[in-house]
Peer 1: 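Here it is: the structure, laid out below.
Just the heavy atoms: all of them, side chains too, but no hydrogens, waters or symmetry mates, feed the values below. Because the structure is predicted, anything quoted here is derived from the model rather than measured.
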Amino acid sequence: MTTKTETIKEFYIKVKGEETRVNDNGDKLTTLIDDLGWDYQRMSRSGREIYDEIQQLLGGIDENEVFMEI
């Protein structure tokens, strides 16, 4: 009988003012989200709104700002 080892992935993202602290997984996640910005113009309106909201939460843009005007 074999037992399967459970893998736990922890994402640490802490935003305080303009400072962001991350662990390796948090860094990878924020980098992937940033990379999505290259497809911003091809996103639907709702996709852009969600992307903007994620960037606001991560401190990438101000709360009342949008990533890119189209």
Side-chain angles (χ1 to χ4, degrees):
M1 176 180 220
T2 61
T3 57
K4 186 175 181 179
T5 305
E6 197 172 302
T7 302
I8 298 174
K9 293 186 179 184
E10 292 185 353
F11 296 85
Y12 179 82
I13 303 170
K14 182 176 183 178
V15 179
K16 183 177 180 182
E18 297 202 13
E19 181 182 354
T20 302
R21 293 185 180 187
V22 295
N23 66 357
D24 287 341
N25 285 330
D27 183 48
K28 177 74 172 172
L29 180 61
T30 57
T31 299
L32 290 171
I33 292 168
D34 286 342
D35 287 347
L36 280 177
W38 288 101
D39 292 319
Y40 191 83
Q41 291 183 345
R42 292 188 284 190
M43 291 181 192
S44 65
R45 181 177 301 223
S46 61
R48 290 190 305 264
E49 289 173 359
I50 291 169
Y51 182 81
D52 290 342
E53 190 172 343
I54 291 169
Q55 285 290 12
Q56 290 166 357
L57 287 171
L58 295 176
I61 59 176
D62 291 332
E63 284 188 28
N64 297 322
E65 188 180 356
V66 293
F67 179 69
M68 184 185 312
E69 291 291 333
I70 296 184

Peer 1: Restricting to non-hydrogen atoms, name the atom on Glu10 and the atom on Asn23 that form the minimum distance, rounded to 0.1 Å.
Peer 2: O-ND2, 3.0 Å
Peer 1: Determine whether Ile50 and Met43 make a side-chain contact, defined as any pair of heavy atoms from C-beta on separated by less than 4.5 Å.
Peer 2: no
Peer 1: Taking side-chain hydrogen bond (donor to acceptor under 3.5 Å, both in side chains) as the criterion, tell me which of Glu49, Gln55, Glu53 meets it with Tyr51.
Peer 2: Gln55
Peer 1: Provide the full list of salt bridge (charged side-chain N to carboxylate O under 4.0 Å, His left out) pairs with a residue in residues 21-34, sequence neighbours left out, each pair given once.
Peer 2: Glu19-Arg21
Peer 1: Search all heavy atoms of Gln41 against all heavy atoms of Arg48 and return the closest pair with its distance.
Peer 2: O-NH1, 4.2 Å
Peer 1: Side-chain contact, heavy-atom cut-off 4.5 Å: Thr20 with Leu58?
Peer 2: no
Peer 1: With the 4.5 Å side-chain cut-off for hydrophobic clustering, are Tyr40 and Leu36 part of the same group?
Peer 2: yes
Peer 1: OG1/Thr30 to CG/Asn25 distance, rounded to the nearest 0.5 angstrom?
Peer 2: 10.5 Å
Peer 1: Following the transitive rule for hydrophobic clusters with a side-chain heavy-atom cut-off under 4.5 Å over Ile, Leu, Val, Met, Phe, Trp and Tyr, establish whether Phe11 and Val22 coincide in one cluster.
Peer 2: yes
